[in-house]
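What you see is a predicted model; the values in this text were computed from it and never measured. Residues take their numbers from the sequence shown, with the count starting at 1.
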Amino acid sequence: MPLRYQNKVVIVTGGSRGIGRGIVKAFVENGAKVVFCAIGAAAGEALETEFSTMGPGSCKFVECDVTKEDQLERLVAVTVELHGHIDCLVNNAGWHPPHKPTDETTAEEFRKLLNLNLVSYFLASKFALPYLRQRHGNIINVSSLVGTIGQKDAAPYVATKGAIISMTKAMAVDESKHNVRVNCISPGNVMTPLWEELAAQTADAAATVHAGENAQLMGRMGTEAECGLAALFLAADATFCTGIDLLLSGGAELNYGFKSQIPS
């Protein structure tokens with residue numbers, strides 16, 4: 001089969017595990033030159049070694065704290081120094097804090113999450129756009145299904161993800177004159193290390209995972225690989241799509257369910 005993104009240059013933030021790992025793998029398998037970042041050199045360097053030997057593309061790890069503006073600027077600069085241009089930016093780095101009621105959430109916790117989950121997307125886009133415009137490239141923002149449908153005891157997280165969807169649409173409008181597409185992926189439940197960590201903090205981790213599986217019409221969670229293929233589709237194939245929010249949800253948002261929290 002022909003390679004779908006051969007010799008294209010891609011930046012992926014938060015690429016060392018979970019959804020980011022799946023996205024890096026999909027692009028490398030399709031011939032791209034990927035530069036990915038994360039906090040924690042050991043995991044990133046191990047993944048660089050694993051995926052670089054896999055081919056047919058290549059990948060380079062750059063340690064980067066996306067909450068630091070200068071480090072994001074350096075990530076873009078290193079990519080251009082290595083490969084001369086940028087074709088695609090995938091904003092993926094982020095975190096879902098443990099569930100907590102609004103009453104127990106501090107303003108500082110909210111601000112820190114906004115900086116990680118939202119402001120980093122804005123800044124990475126800002127620094128990459130001059131190069132993306134030269135190549136008529138594209139940006140892919142990873143949001144979440146809950147940015148549209150809401151989630152219990154997670155108001156700050158939902159706020160950041162809803163803002164990503166809105167920012168995607170606004171950037172798509174602004175960048176259309178430069179032929180740069182800006183799209184979004186909103187995954188539902190995807191089995192990732194973060195999902196497992198959050199489940200482990202509940203009273204019954206196995207029951208929590210089972211409930212997570214049953215939230216989808218398809219009766220299972222999504223996979224890292226499926227997230228990677230969705231990102232590849234937006235970058236390589238969806239050339240008439242901009243400003244869209246691709247629901248990668250297994251149908252979790254469909255049909256009625258028992259949702260009332262009002263005491264009977």
Backbone of [Y] reached by a side-chain donor or acceptor of [X] within 3.5 Å:
X	Y	answer
Ser52	Cys59	yes
Asn179	His136	no
Asn183	Cys241	yes
Tyr121	Thr168	no
Thr242	Val182	yes
Asn141	Ile164	no

Which heavy atom of [X] sits nearest to which heavy atom of [Y], and what is that distance?
X	Y	answer
Leu3	Gly31	CD1-CA, 4.1 Å
Asp153	Pro101	OD1-CA, 3.7 Å
Gly251	Leu217	O-CG, 3.5 Å
Ser143	Cys184	CB-SG, 3.5 Å
Gly222	Glu226	CA-OE1, 3.4 Å
Ala155	Thr102	CB-OG1, 3.9 Å

Residues that Thr79 engages under side chain to side chain donor-acceptor pair (under 3.5 Å), provided they are two or more places apart
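Residues passing side chain to side chain donor-acceptor pair (under 3.5 Å) with Thr79: none at all.
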Could you tell me which residues satisfy side chain to side chain donor-acceptor pair (under 3.5 Å) with His210, sequence neighbours excluded, listed by chain and number?
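For His210, the residues satisfying side chain to side chain donor-acceptor pair (under 3.5 Å) (neighbours in sequence not counted) are Asn214.
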Decide yes or no for [X] and [Y]: does some side-chain heavy atom of the first lie under 4.5 Å from some side-chain heavy atom of the second?
X	Y	answer
Thr223	Val190	no
Pro97	Leu113	yes
Phe127	Leu123	yes
Val10	Asp87	no
Met221	Val209	yes
Ile244	Leu234	yes
Cys64	Leu72	yes

Indicate, with yes or no, if [Y] and [X] share a hydrophobic cluster defined by side-chain heavy-atom contacts under 4.5 Å among Ile, Leu, Val, Met, Phe, Trp and Tyr.
X	Y	value
Leu118	Ile39	no
Met191	Val142	no
Met167	Val173	no
Ile165	Leu89	no
Val158	Leu145	no

Please identify each residue that fulfils side-chain contact (heavy atoms from CB on, under 4.5 Å) with [X], with sequence neighbours left out.
X	result
Leu248	Ile185, Cys227, Ala230
Thr105	Lys100, Glu109, Pro156
Thr208	Trp195, Ala199, Thr202

Begin from the C-alpha positions of Gln134 and His85 and carry the test side-chain contact (heavy atoms from CB on, under 4.5 Å) through to its verdict.
CA-CA 8 Å; Gln134 295 172 9; His85 62 270; 5.5 Å; no
Flag if over 12 foreign heavy atoms under 6.0 Å of NZ, Lys25:
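No.
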When you look at OH of Tyr131, are more than 12 heavy atoms from neighbouring residues, nucleotides or ligands closer to it than 6.0 Å?
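No, because the 6.0 Å sphere around OH of Tyr131 holds 12 heavy atoms or fewer from other groups.
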Using ring-ring contact (aromatic ring centres under 6.0 Å, His included) as the criterion, list what pairs up with [X], not counting sequence neighbours.
X	value
His96	His99, Tyr157
Tyr5	Phe27
Phe61	Phe36

Got a second to check how far [X]'s [atom1] is from [Y]'s [atom2], nearest 0.5 Å?
X	Y	atom1	atom2	result
Asn138	Lys8	CG	NZ	9.5 Å
Ile86	Arg135	CD1	CZ	10.5 Å
Leu198	Trp95	CG	CH2	8.0 Å
Ser16	Leu47	OG	CG	7.0 Å
Ile139	Cys88	CD1	SG	8.5 Å

Does Val62 form a side-chain contact (heavy atoms from CB on, under 4.5 Å) with Val35? I'd like the steps, not just the answer.
CA-CA 7 Å; Val62 176; Val35 178; 3.8 Å; yes
Quick one, Asn189 with Gln216, criterion side chain to side chain donor-acceptor pair (under 3.5 Å). Give me CA distance, side-chain angles, the key distance, then yes/no.
CA-CA 8 Å; Asn189 287 333; Gln216 284 71 233; 3.3 Å; yes
Applying salt bridge (Lys or Arg N to Asp or Glu O under 4.0 Å), which residue pairs with at least one partner in [range] are found, sequence neighbours left out?
range	value
residues 166-192	Arg133-Glu175
residues 59-85	none
residues 237-248	Arg4-Asp237

Apply the test side-chain contact (heavy atoms from CB on, under 4.5 Å) to residues Met54 and Glu29: give CA-CA distance (whole Å), side-chain angles for both, the deciding distance (0.1 Å), then the verdict.
CA-CA 8 Å; Met54 177 184 69; Glu29 287 178 336; 3.7 Å; yes
Charged N to carboxylate O below 4.0 Å: is that the case for Arg17 and Glu197?
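Yes, charged N to carboxylate O under 4.0 Å.
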Could you go step by step and tell me if Leu75 and Ile11 meet the side-chain contact (heavy atoms from CB on, under 4.5 Å) rule?
CA-CA 8 Å; Leu75 173 67; Ile11 296 175; 3.8 Å; yes
Would you kindly say whether Asn30 and Gln6 are connected by a side-chain donor-acceptor distance under 3.5 Å?
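Side-chain D/A pair, Asn30 to Gln6: absent.
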Distance-only donor-acceptor check, side chains Ser125 and Asn91, under 3.5 Å
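Result is yes, a qualifying pair exists.
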What side-chain hydrogen bond (donor to acceptor under 3.5 Å, both in side chains) pairs are there with at least one residue in residues 110-119, not counting sequence neighbours?
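Residue pairs with at least one partner in residues 110-119: Asn117-Thr160.
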